[in-house]
Amino acid sequence: MKLPDGSVKFPDGRLQRPDGTFARPSPDGSYLLSDGSTLLPNGVLKLPNGHALHPDGSLRLPDGSVKLPDGTLRPAGHQLPSYNLPCFSSAISHQRRGEGMECGGCGGFVTGTSKLGFGKVWHPQCFVCCQCHRPFEEDDYSFVPLDGLPAHPECATKHVCAGCNKPIVGTVLKADLLDGAWHPECFRCSRCSQPISTTDGVLSCVMEDGKAVCDTCRTRRTCAACLQEIDGQAINAMESSWHPECFNCSKCKQAIGTEGEGGSFKIEDGQPVCERCRERVWCSSCGEEIEGQAITALDTTWHPRCFTCSKCADPIDTGSFKIEDGKPVCDRCRKRVVCAACNLEIDGQALTALGTTWHTSCFKCSKCTQPIATGGGRLSCVMEKGKPVCNNCRVRHQCAQCKTEISGQVMTALGKKWHPACFSCNHCKKKITGSFFHKDGVPYCSQDCYPK
C-alpha cells in the first residue's frame, strides 16, 4: 500500500520511506528508521543530532529555538502549529473486515483509495474540513483536530455562531453585553424570536434578565423622578426604576446609584437617603449600629438578635411578649393570670377585686349577673357573704345611731345595724371596739358608764 507521503507499507508491517530506507514499527506507534531517525505518529521526524523536523519544514533545535522554513529563527518556547500527519501505526492496527477498514467519517468500510489521518482510515470524500467542508489538497497535511475531526487551521479559529452553533463565514455580529458571536440572522429577540436589526452598527435592542429583547418587545420603564422613559441603564430601587442621574439623596441631592442597581442608601419617610446623610440607629442592648431590620419596643430600638426574653434569654422574634418589672418576657415565660370567674387566662385588661383578678366582663353581680360598673376607678358594689352585689341588688341598712344608710361595712349588735364608727358608749360616747354592757338596747363601754 502506497501512503500519501510516498512511503510504502508492506503486508509484514514494514514501512519503506521515499528515499528507500526502511522504518521499523515500535510499540508506541513510532517508526525507527534505518538512519537512526524516529518518525513519530504526529509526523515529526526526530533526527540523531537532536533536531526535530516538523511537517511544515520548521526545525526545532536542541536548545528549544525554532528555525522556520523561511530561515527566521524563533526563541525557545515558540509554538508550532498542531499539524497531524497520518498516524500510520494506528491505522495499521485497525481491525480489518474483509478487504477494508472502517471510515473515520461515515463509519463505512474503506476498500479502495483511502486517506489516513488521526490514526484512522477515511474515504477521500469523507476526509474534509469539519467547518468549511472543503477537501484538503492532495499533499496538504496542514489540518488540525477540532472535536476529533479534521479542520483547516484558519477554519478552526473562526467564530462559531452562538445561535445555530455553525461556523460564521462572512459578517460577524457581536453584542457588547453578551459573550459570543452570531450570524446576523441568528441574533434574535428572546421574546418574539424575530431577528434584531442594527442601525448604523448599533443593535436595536436592550438587555432584560441577561437576554436580548428587541425595541418592539422591550419593557418600557419610566423614571420615578423625572417621569421620562428610561432608554438605557436603569437603577431599580424602592419598587421603581430611575435614571442613574435621577436617583439622588433626598437630603444632599447627590447621586446614590451605582452600576445596575442603587448604591448604599436607607429609606427615611419614604425617601432615599445616602450613606453619608442617613440617620444612624443604635441598639439599646449591644450599643452597635443597626443597619438592617430593627425592633422598636419599650420606647427604644434593638437588633432582632438582641431583643431577648429577660428570663430564658431567647430572641423574641414573634413580637408576642409582656413587660414584667420593666423588662420584656416572652410568651413562654410570662406569668399567666387566670380569671376568678371563668378560670380562663386574662390576656388583656384585668380587674382586681376581693383579693383576686377578673376579666372586666366576668366581674358581675352575684344576684342579677349584670357586669358591675366602675366609676372613677371605684366599684359600684358591696360585698355580701363574700360575693360582689351591685348597688341595685344590695341589701340597704340604716344605722341605729345616725339613722343614715350604711353603704360600706356593717356592724350588727343588739339586733340592730350600725356604722362601725357609730357603735359607741351611750354615756361617754367612746367608740366600742371590744366587750360592752347594754341596757334597754343601749350599749355602754364599762360598768362605770353603766346606769345604776
Side-chain angles (χ1 to χ4, degrees), residues 208-210 221-227 230 232-340 344-353 355-361 374 376-377:
E208 294 185 6
D209 298 326
R221 295 170 291 181
T222 301
C223 177
C226 67
L227 303 182
I230 302 175
Q233 183 182 353
I235 290 177
N236 298 314
M238 300 170 61
E239 299 183 356
S240 298
S241 297
W242 315 67
H243 289 112
E245 63 273 14
C246 292
F247 188 62
N248 300 327
C249 173
S250 60
K251 293 185 177 181
C252 67
K253 308 304 179 184
Q254 297 298 311
I256 301 175
T258 59
E259 184 176 356
E261 295 292 337
S264 179
F265 70 97
K266 298 292 181 182
I267 299 176
E268 296 181 7
D269 299 327
Q271 299 295 323
V273 178
C274 70
E275 184 71 20
R276 297 184 301 274
C277 300
R278 71 180 179 87
E279 296 179 2
R280 300 182 182 273
V281 181
W282 309 92
C283 176
S284 62
S285 177
C286 68
E288 297 180 359
E289 183 181 0
I290 302 175
E291 296 185 353
Q293 182 181 0
I295 290 179
T296 300
L298 305 179
D299 298 325
T300 186
T301 310
W302 318 64
H303 286 115
R305 66 177 183 274
C306 295
F307 187 62
T308 58
C309 173
S310 60
K311 293 186 176 181
C312 67
D314 287 340
I316 304 175
D317 54 2
T318 63
S320 178
F321 67 96
K322 298 293 181 182
I323 304 298
E324 295 181 8
D325 299 328
K327 297 179 180 179
V329 178
C330 70
D331 194 59
R332 297 187 304 273
C333 299
R334 68 184 178 86
K335 296 178 181 178
R336 300 183 184 274
V337 181
V338 178
C339 176
L344 297 177
E345 183 183 355
I346 301 175
D347 191 17
Q349 186 178 1
L351 186 149
T352 301
T356 185
T357 308
W358 317 65
H359 288 113
T360 53
S361 58
T374 59

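Side chains included, hydrogens not; waters and symmetry mates left out as well; all remaining heavy atoms used.
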Original post:
With respect to Ile230, which candidate in Cys246, Ser241, Pro244 satisfies the side chain to side chain contact (heavy atoms under 4.5 Å, CB included) definition?
Top reply: Ser241
**OP:** Using the test side-chain contact (heavy atoms from CB on, under 4.5 Å), find all partners of Leu344 that sit at least two apart in sequence or belong to another chain.
**Re:** Cys342, His359
**OP:** Search all heavy atoms of Glu289 against all heavy atoms of His303 and return the closest pair with its distance.
**Re:** O-NE2, 3.1 Å
Original post:
Within a strict 4.5 Å, meaning less than it, do heavy atoms of the Gln254 and Cys274 side chains meet?
Top reply: no
Subject >> Residue Lys327 excluded, over 12 heavy atoms near NZ under 6.0 Å >> reply: no
Subject >> Which atom of Pro304 lies closest to which atom of Gln293, heavy atoms considered >> reply: CD-O, 3.2 Å
Original post:
Quick one: OG1 on Thr300 to CZ on Phe307, what's the gap to the nearest 0.5 Å?
Top reply: 10.0 Å
Subject >> For Ala237 against Trp242, the heavy-atom pair lying closest together >> reply: O-NE1, 3.1 Å
Subject >> Partner residues of Thr301 under the side-chain contact (heavy atoms from CB on, under 4.5 Å) criterion, sequence neighbours left out >> reply: Val281, Ile290, Ala294, Thr296
Original post:
Between Ile256 and Pro272, what is the shortest heavy-atom contact and its length?
Top reply: CD1-CB, 3.9 Å
Original post:
CG of Leu351 to OG1 of Thr357: how many Å apart, nearest 0.5 Å?
Top reply: 8.5 Å
Subject >> Nearest-0.5 Å distance that lies between atom CD in Glu245 and atom CD1 in Ile235 >> reply: 8.5 Å
**OP:** To the nearest 0.5 angstrom, please state how far the OG atom of Ser284 sits from the CD1 atom of Ile295.
**Re:** 10.5 Å
Original post:
Closest approach of Lys251 and Val273, non-hydrogen atoms and distance?
Top reply: CD-CG1, 4.0 Å
Original post:
Nearest heavy-atom pair of Pro328 and Thr308: which atoms, and what distance?
Top reply: CG-O, 3.6 Å
